[in-house]
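All chains are named by letter (A, B, ...) in the order of the sequence lines, taking the proteins before the strands, and each is independently numbered beginning at 1. From a predicted model like this one, the values you see are computed outputs, not experimental measurements.
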Amino acid sequence: MDFSIRAANVEDCKDIARMIMELAEYEKMADHVKVTQRDLEQDGFSKNPFFHGIIAEVPEQHKTKEGHTKIGYALYFYSYSSFKGRAIYMEDLYVMPEFRGKGIGKALMSKVAQLGLAAGCNQLSFTVLDRNKSSLEFYLSQGCFDITANMGYHCMRCEGEALEHLAQP
Amino acid sequence: MASFILRRAEPKDVSDILRLIKELAKFEEMEEKVILTEKELLEDGFGDHPFYHCLVAEVPKEQKLFILLKFNSRCSLPGYTVIGFAMYYFTYDPWIGKLLYLEDFFIMQEFRGLGIGSDILKRLSETAVKTRCSSMHFIVAENNTKSIEFYKRRGAADLSSEEGWRLFEIEKADLLKMTSK
């Protein structure tokens, strides 16, 4: 199937918001989503963006029955490893179910890798839910290394009241 | 009580920052993995678009001597007054928005237990709240039980254990292979 990968622009935020919700539903965490289309527009497309996006698009003749041609995306940002320096973090990678198995996910991830290398990054990181077996298999087949399983690193979070409390004098 | 200051790192601090990064790596038994140089730290942290931000903890020279004598410890690096640091940057969660990511956080052994670590964490949390971050994220090795307890006492949740998130990495050589296919 013919598809193209390109940088996201502010007009894509509606479709990105739609697909973020689809990915959250797939991960059974839809009630965790608080970010709106407007937040994405402000946070991703202002002078100092907090993230960048790439979109996978198919031609009109392959659009979904709801009329969508934007059928996949990846969100990423630049991070830093105190061991290796510049790094790129892939926050989301998603392809709509009916477009999977056609190399689109691989192409999106490859694009993130290319962008990272072009920016002088030495590493690409991301997280996967341990119950997401098909994604785990895909990433392991691409030569990715599971830091949590192999080195025992746990992802930690301090949010909401805990964060406010920590900030108290 | 020990006096110390917390301040934003400046370009002159890169050599201390690298020294402390290596000390932390040694503590995690991964010293040989540090390939970052002072030059890269300088370019990446103090250019037009910094990849990271850094707080450093400094003690006055006289205070350092007092602490060392009081705690009867030996410091192998007598000239240094920068004795701790935290490296962080801003990330994004498409579900909840801006986050503060704490990449490294380390206080030299001789200066622990004096409230410096707690103060750094407080300063970072203030920064997170001020910049409207929903959360502060970081990783900890599961065998580092002391640090895990330190963070859990302050309300941190272990996303790997509680929600099943696993962190993955791809190194540069594999990134090049991926992009050449």
*Kindly indicate, with the supporting measurements, whether the criterion side chain to side chain contact (heavy atoms under 4.5 Å, CB included) is fulfilled by H32(A) and I96(B).*
CA-CA 8 Å; H32(A) 283 65; I96(B) 55 174; 5.9 Å; no
_Linked, directly or transitively: M19(A) and Y26(A) (ILVMFWY side chains, under 4.5 Å)_ = yes
*List the atom of G155(B), the atom of A162(A), and the distance in Å for their closest heavy-atom pair.*
O-CB, 3.6 Å
*Side chain, backbone, both or neither: which part of D119(B) has a heavy atom under 4.5 Å from chain A?*
neither
*Under 6.0 Å from the CZ atom of R132(B), do we count more than 12 heavy atoms belonging to anything else shown?*
no
*For residues C158(A) and R154(B), report the shortest heavy-atom separation together with the two atoms involved.*
SG-O, 3.7 Å
*Among E161(A), M21(A), R131(A), M29(A), who wins on heavy-atom pairs under 4.5 Å with chain B?*
M29(A)
_Counting heavy-atom pairs under 4.5 Å with chain A, which one of F90(B), Y52(B), Y92(B), Y88(B) comes out on top?_
Y92(B)
*Quick check: are there more than 12 heavy atoms from other residues, nucleotides or ligands sitting under 6.0 Å from CD of Q109(B)?*
no
_Top of S81(A), C155(A), G160(A) for chain B proximity - count of heavy-atom pairs under 4.5 angstrom_ = C155(A)
*Measure distances from Q123(A) to the heavy atoms of chain B and classify the residue's part below 4.5 Å as side chain, backbone, both or neither.*
both
_Distance check, rounded to the nearest 0.5 Å: Y76(A) atom OH versus T91(B) atom OG1?_
15.5 Å
_Structural part of I16(A) lying under 4.5 Å from a heavy atom of chain B_ = neither
_Same cluster (ILVMFWY, side-chain, under 4.5 Å), I5(B) and M108(B)_ = no
*Name the member of V140(B), L99(B), T127(B), D174(B) that forms the most heavy-atom pairs with chain A at distances under 4.5 Å.*
V140(B)
*Return the option, out of V112(A), L140(A), L124(A), with the maximum number of heavy-atom pairs under 4.5 Å with chain B.*
L124(A)
*Can you tell which part of D39(A) gets under 4.5 Å to a heavy atom of chain B, answering side chain, backbone, both or neither?*
both
_Residue E27(A) versus chain B: region with a heavy atom under 4.5 Å_ = side chain
*Would you please classify the geometry between the Y139(A) ring and the F168(B) ring as parallel, tilted or perpendicular, with 30° and 60° separating the classes?*
tilted
*Would F111(B) and F27(B) show up in the same hydrophobic cluster when neighbours are defined by side-chain heavy atoms closer than 4.5 Å?*
yes
_Shortest non-hydrogen separation from S125(B) to L163(A) and the atoms involved_ = CB-O, 3.8 Å
*When rounded to the nearest 0.5 angstrom, what is the spacing between CG in N48(A) and NE2 in H49(B)?*
7.0 Å
_Atom pair CG (D93(B)) and NZ (K34(A)), whose distance is rounded to the nearest 0.5 Å_ = 11.0 Å
*asked:* Give the interface residues of residues 157-167 of chain B toward chain A, defined by a heavy-atom separation under 4.5 Å.
replied: A157(B), D158(B), L159(B), S160(B), S161(B), E163(B), G164(B), W165(B), R166(B), L167(B)
*With only heavy atoms counted, which part of F50(A) is less than 4.5 Å from chain B, the side chain, the backbone, both or neither?*
both
*Which one, S125(A), G120(A), S79(A), G44(A), leads in non-hydrogen pairs under 4.5 Å with chain B?*
S79(A)
*asked:* Could you report the tightest heavy-atom contact between F83(A) and A25(B), atom names first, then the distance?
replied: CE1-CB, 3.7 Å
*Side chain, backbone, both or neither of I20(A) within contact of chain B (heavy atoms, under 4.5 Å)*: both
*What part of L129(A) is in contact with chain B, defined as an atom under 4.5 angstrom from a non-hydrogen atom: side chain, backbone, both or neither?*
both
*Do you know which two heavy atoms are closest between L75(A) and P94(B), and how far apart they sit?*
CD1-CG, 3.6 Å
_Which portion of M136(B) sits near chain A, non-hydrogen atoms under 4.5 angstrom_ = both
*Looking only at atom types and distance, does a side-chain atom of Y89(B) sit under 3.5 Å from a main-chain N or O of Y80(A), one as donor and one as acceptor?*
yes
*Could you look at M109(A) and say if it's the side chain, the backbone, both or neither that has a heavy atom under 4.5 Å from chain B?*
both
*Around E32(B), counting heavy atoms of other residues, nucleotides and ligands shown, do more than 12 lie under 6.0 Å from its CD?*
yes
*asked:* So which residue, L18(B), L36(B), V129(B), ends up with the most heavy-atom pairs under 4.5 Å with chain A?
replied: L36(B)
*Is a salt bridge present between R86(A) and D44(B), judged by a nitrogen-to-oxygen distance below 4.0 Å?*
yes
*Counting heavy-atom pairs under 4.5 Å to chain A, which of M30(B), R123(B), E40(B), K130(B) comes out on top?*
M30(B)
*When rounded to the nearest 0.5 angstrom, what is the spacing between CD in Q114(A) and CG in L176(B)?*
10.5 Å
*For side chain to side chain contact (heavy atoms under 4.5 Å, CB included), just list the numbers for E169(B) and K84(A), CA-CA rounded to whole Å, side-chain angles, deciding distance to a tenth of an Å, and then say yes or no.*
CA-CA 12 Å; E169(B) 247 176 38; K84(A) 298 185 196 137; 3.8 Å; yes
*Using a cut-off of under 4.5 Å for heavy-atom pairs, which of N150(A), L136(A), D92(A), D146(A) has the most such pairs with chain B?*
D146(A)
_Side chain / backbone / both / neither for S134(B) at chain A, heavy atoms under 4.5 Å_ = backbone
*Among the listed options E28(B), K22(B), K152(B), E31(B), the residue most often paired with chain A at heavy-atom distances under 4.5 Å*: E28(B)
*Starting at CD1 of I170(B), measure out to CD1 of I88(A) and round the result to the nearest 0.5 Å.*
10.5 Å
*asked:* Name the residue from I17(B), D104(B), L20(B) that meets the side-chain contact (heavy atoms from CB on, under 4.5 Å) definition with S82(A).
replied: D104(B)
_Residue pair L175(B) / A113(A): nearest heavy atoms and the distance that separates them_ = CD2-CB, 3.7 Å
_Please classify the contact of L124(B) with chain A as side chain, backbone, both or neither, using a heavy-atom distance under 4.5 Å._
neither
